[in-house]
Asks: 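Pasting a structure below so you can have a look.
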Amino acid sequence: MKQTDSITGYHAHVYFDAATVAQARTLCQQAAAQFDVEMGRAHEKPVGPHPMWSCQLAATPEQFARLLPWLALNRNGLVVFAHPETGNALEDHSDHGIWLGAGLKLDLSVFG
């Protein structure tokens, strides 16, 4: 069994499109302010394994324990993909992912 002490942090990727870009930016900005998590750039193109435009929220395990339920209640139809950071990016994105809303197919080929 894997141990949770291998988790150094989490990423939550909020997906959006041209019609929901303002909604996603507002959600990410509110999350960053309320939970003191790091908000990355809002990418208006698919980046890495992510099949849609997205904005990343980076959280410690302690922050994530509060952030994830808040995102579940406040995502207002946006899809959120969250995963732990264990040092194995492929497993983190494929086997350890958490979806809020409909799951999407990731492009895992970026991990070799």
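Count residues from 1 along the sequence.
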Asks: Who passes salt bridge (charged side-chain N to carboxylate O under 4.0 Å, His left out) against Glu38, sequence neighbours left out?
Replies: none

Asks: Would you please name every residue forming a ring pair (Phe, Tyr, Trp, His ring centres under 6.0 Å) with His96, sequence neighbours left out?
Replies: none

Asks: Taking atom CG of Asp36 and atom OG1 of Thr60, what is their separation to the nearest 0.5 Å?
Replies: 9.0 Å

Asks: Between Leu27 and Phe81, is there shared hydrophobic-cluster membership here, with clusters defined by ILVMFWY side-chain heavy atoms closer than 4.5 Å?
Replies: no

Asks: Between Gln3 and Ser6, is there a side-chain donor-acceptor contact under 3.5 Å, judged purely by atom types and distance?
Replies: no

Asks: Determine, stepwise, if the pair Asn76 / Gln23 fulfils side chain to side chain contact (heavy atoms under 4.5 Å, CB included).
Replies: CA-CA 9 Å; Asn76 196 25; Gln23 175 189 350; 3.5 Å; yes

Asks: I need the Ile7 CD1 to Lys2 NZ distance, nearest 0.5 Å.
Replies: 10.0 Å

Asks: Quick check: do Leu106 and Ser94 have side-chain heavy atoms less than 4.5 Å from each other?
Replies: no

Asks: Decide yes or no for Leu90 and Asn88: does some side-chain heavy atom of the first lie under 4.5 Å from some side-chain heavy atom of the second?
Replies: yes

Asks: Would you please indicate if the ring centroids of Phe111 and His93 are separated by under 6.0 Å?
Replies: yes

Asks: Measure the shortest side-chain to side-chain distance between Asp95 and Glu91 over non-hydrogen atoms and say whether it is less than 4.5 angstrom.
Replies: yes

Asks: Linking I/L/V/M/F/W/Y whenever any side-chain heavy atoms sit under 4.5 Å apart, do Trp53 and Met39 land together?
Replies: yes

Asks: In this structure, which one of Trp70, Phe64, Tyr10 forms a ring-ring contact (aromatic ring centres under 6.0 Å, His included) with Phe35?
Replies: Trp70

Asks: Count I, L, V, M, F, W, Y as connected when their side-chain heavy atoms are under 4.5 Å apart, and connections chain through other members. Are Leu67 and Val79 then in the same cluster?
Replies: no

Asks: State whether the side chain of Asp92 and the backbone N or O of Thr86 hold a donor-acceptor pair below 3.5 Å, judged by distance alone.
Replies: yes

Asks: Count I, L, V, M, F, W, Y as connected when their side-chain heavy atoms are under 4.5 Å apart, and connections chain through other members. Are Leu68 and Val14 then in the same cluster?
Replies: yes

Asks: Given 3.5 Å as the limit, does a donor-acceptor pair link the side chain of Gln34 with the main chain of Ala31, or not?
Replies: no

Asks: If I compare all heavy atoms of Leu104 with all of Met52, which pair ends up nearest, and what's the gap?
Replies: CD1-SD, 3.5 Å

Asks: How about Thr20 and Leu78: do any of their side-chain heavy atoms sit closer than 4.5 Å?
Replies: yes

Asks: Which atom pair, heavy atoms only, marks the closest approach of Ala12 to Val80?
Replies: CB-CG1, 4.2 Å

Asks: Quick one: OG on Ser54 to NE2 on His11, what's the gap to the nearest 0.5 Å?
Replies: 11.5 Å

Asks: What distance separates Trp99 CH2 from Tyr15 OH, expressed to the nearest 0.5 Å?
Replies: 4.0 Å

Asks: Could you walk me through whether Gln56 and His50 pass side chain to side chain contact (heavy atoms under 4.5 Å, CB included), step by step?
Replies: CA-CA 11 Å; Gln56 176 181 285; His50 305 288; 5.8 Å; no

Asks: Enumerate donor-acceptor pairs with a distance under 3.5 Å from any side-chain N or O in residues 40-48 to protein atoms, sequence neighbours excluded.
Replies:
| unit_1 | atom_1 | unit_2 | atom_2 | d |
| --- | --- | --- | --- | --- |
| Arg41 | NH2 | His43 | ND1 | 3.3 |
| Glu44 | OE2 | Arg25 | NH2 | 2.8 |

